[in-house]
Amino acid sequence: MSITLSDDTTTIELPEDLRWSDRNWSPVEQSFTRSVTGKPIIMVDASQYGRPITLQAPDRGGWMLATKEPQIITWHNTPGQKLTLNFHGEVHTVQFRHHDGQGYESTPLRFLINPGPDHQVIPTFRFITVEP
């Protein structure tokens, strides 16, 4: 199984060993306030979308060719861009999560003055699930 990111025109294969670091998530949302008499007002429901998906490289892995970055950065910098994330067969419609820091960032595996075509980066993706 693999991890892919697609806009239905272009598909990029991501490192298959990226970790989904915030996979343990509850869709239950709750608000709590008190009325003027002190009685608790509790509202609760399940979120349909809005699940965070953070994909991070494990120690000593998750490297990606830097040649994939121009397309990823184009998607990242397009407001409202919806993408299809296939995480080992589990498919989600996502957008980059800009409200929580950078939606995409990377660190070079090695800092080189003139990196070649085999130059690799260590990526971090921050997505949020949205309605398809």
Side-chain angles (χ1 to χ4, degrees):
M1 290 293 221
S2 62
I3 304 173
T4 59
L5 192 59
S6 174
D7 66 355
D8 295 330
T9 302
T10 304
T11 300
I12 293 181
E13 192 161 327
L14 304 179
E16 66 181 26
D17 57 346
L18 290 177
R19 284 184 313 111
W20 182 347
S21 62
D22 48 9
R23 190 172 187 104
N24 293 329
W25 174 79
S26 173
V28 176
E29 296 285 337
Q30 183 180 58
S31 69
F32 177 91
T33 58
R34 292 200 179 268
S35 70
V36 292
T37 63
K39 180 180 175 185
I41 300 171
I42 301 170
M43 296 172 49
V44 64
D45 206 349
S47 297
Q48 293 181 7
Y49 303 104
R51 178 180 192 164
I53 299 177
T54 304
L55 302 180
Q56 296 177 307
D59 292 339
R60 300 185 186 102
W63 306 335
M64 179 181 80
L65 286 173
T67 54
K68 296 180 180 185
E69 284 196 304
Q71 181 61 59
I72 293 167
I73 290 168
T74 296
W75 287 336
H76 179 266
N77 293 338
T78 302
Q81 176 71 58
K82 290 185 180 182
L83 301 166
T84 301
L85 173 67
N86 185 327
F87 186 81
H88 302 294
E90 191 176 326
V91 179
H92 298 276
T93 301
V94 298
Q95 289 182 342
F96 284 98
R97 204 170 71 225
H98 295 282
H99 68 274
D100 194 18
Q102 288 289 332
Y104 172 75
E105 59 187 338
S106 67
T107 303
L109 184 59
R110 286 182 297 194
F111 290 92
L112 302 172
I113 294 172
N114 286 321
D118 60 345
H119 181 63
Q120 294 187 327
V121 295
I122 303 168
T124 299
F125 296 88
R126 291 179 192 88
F127 300 114
I128 189 164
T129 60
V130 294
E131 187 173 2

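What you see below is based on every heavy atom in this structure, not just the backbone, and it leaves out hydrogens, waters and symmetry mates.
Within the structure, every pair that satisfies the side-chain hydrogen bond (donor to acceptor under 3.5 Å, both in side chains) test and touches residues 120-132, not counting sequence neighbours, is listed here: Glu105-Arg126. Within the structure, every pair that satisfies the ring-ring contact (aromatic ring centres under 6.0 Å, His included) test and touches residues 108-132, not counting sequence neighbours, is listed here: Phe96-Phe127, Tyr104-Phe125, Phe125-Phe127.
The neighbour count for Gln30 CD, taken as heavy atoms of other residues, nucleotides or ligands under 6.0 Å away, is above 12.
Hydrophobic clustering (ILVMFWY, side-chain heavy atoms < 4.5 Å, transitive): Trp20 and Val130 are in distinct clusters. When the side chains of ILVMFWY residues are joined at heavy-atom separations under 4.5 Å, either directly or via intervening members, Leu83 and Leu85 end up in a single hydrophobic cluster. Linking ILVMFWY residues whenever their side-chain heavy atoms come closer than 4.5 Å, directly or via other members, places Phe87 and Met64 in the same cluster.
For His98 (side chain) and His76 (main-chain N/O), a donor-acceptor pair under 3.5 Å exists by modelled atom type.
Counting heavy atoms from C-beta outward, Asp45 and Glu29 have side chains that stay 4.5 Å or more apart. Put simply, the side chain of His88 reaches to within 4.5 Å of the side chain of Ile3, judged on heavy atoms.
Here the CH2 atom belonging to Trp25 is positioned 9.5 Å from the CD1 atom belonging to Ile53, to the nearest 0.5 angstrom. Atom CZ of residue Arg34 and atom NZ of residue Lys39 lie 12.0 Å apart, to the nearest 0.5 angstrom. Note that the CG atom of Leu55 and the CZ atom of Arg19 stand 10.0 Å from one another [nearest 0.5 Å]. Expressed to the nearest 0.5 Å, how far CD1 of Ile72 lies from CD1 of Ile12 amounts to 4.5 Å. We find the CG-OG1 distance between Leu18 and Thr54 to be 11.5 Å, quoted to the nearest 0.5 Å.
Chaining together hydrophobic side chains whose heavy atoms lie under 4.5 Å apart places Ile42 alongside Phe32. Other residues sharing a hydrophobic cluster with Ile122 under the 4.5 Å side-chain heavy-atom criterion for ILVMFWY residues are Trp63, Leu109. Through chains of ILVMFWY side-chain contacts below 4.5 Å, Val28 is grouped with Val44.
For Glu90, the side chain to side chain donor-acceptor pair (under 3.5 Å) partners two or more places apart in sequence, or in a different chain, are Arg23, His92. Every residue two or more places apart in sequence or in another chain that forms a salt bridge (Lys or Arg N to Asp or Glu O under 4.0 Å) with Arg97 is listed here: Asp22, Asp100. Here Asp8 pairs with Ser6, Thr84 under the side chain to side chain contact (heavy atoms under 4.5 Å, CB included) rule; sequence neighbours left out. Applying the side chain to side chain donor-acceptor pair (under 3.5 Å) criterion to Ser21, with sequence neighbours excluded, gives Gln56. Pro70 meets the side chain to side chain contact (heavy atoms under 4.5 Å, CB included) test with no other residue; sequence neighbours excluded. Qualifying ring-ring contact (aromatic ring centres under 6.0 Å, His included) partners for Trp75, counting only residues two or more places apart in sequence or in other chains: none. Applying the side chain to side chain donor-acceptor pair (under 3.5 Å) test to Ser35 and every residue at least two apart in sequence or in another chain returns Thr37.
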(message) Determine whether Thr11 and Asn86 satisfy the following criterion, side chain to side chain contact (heavy atoms under 4.5 Å, CB included), listing intermediate values before the conclusion.
(response) CA-CA 10 Å; Thr11 300; Asn86 185 327; over 6 Å; no
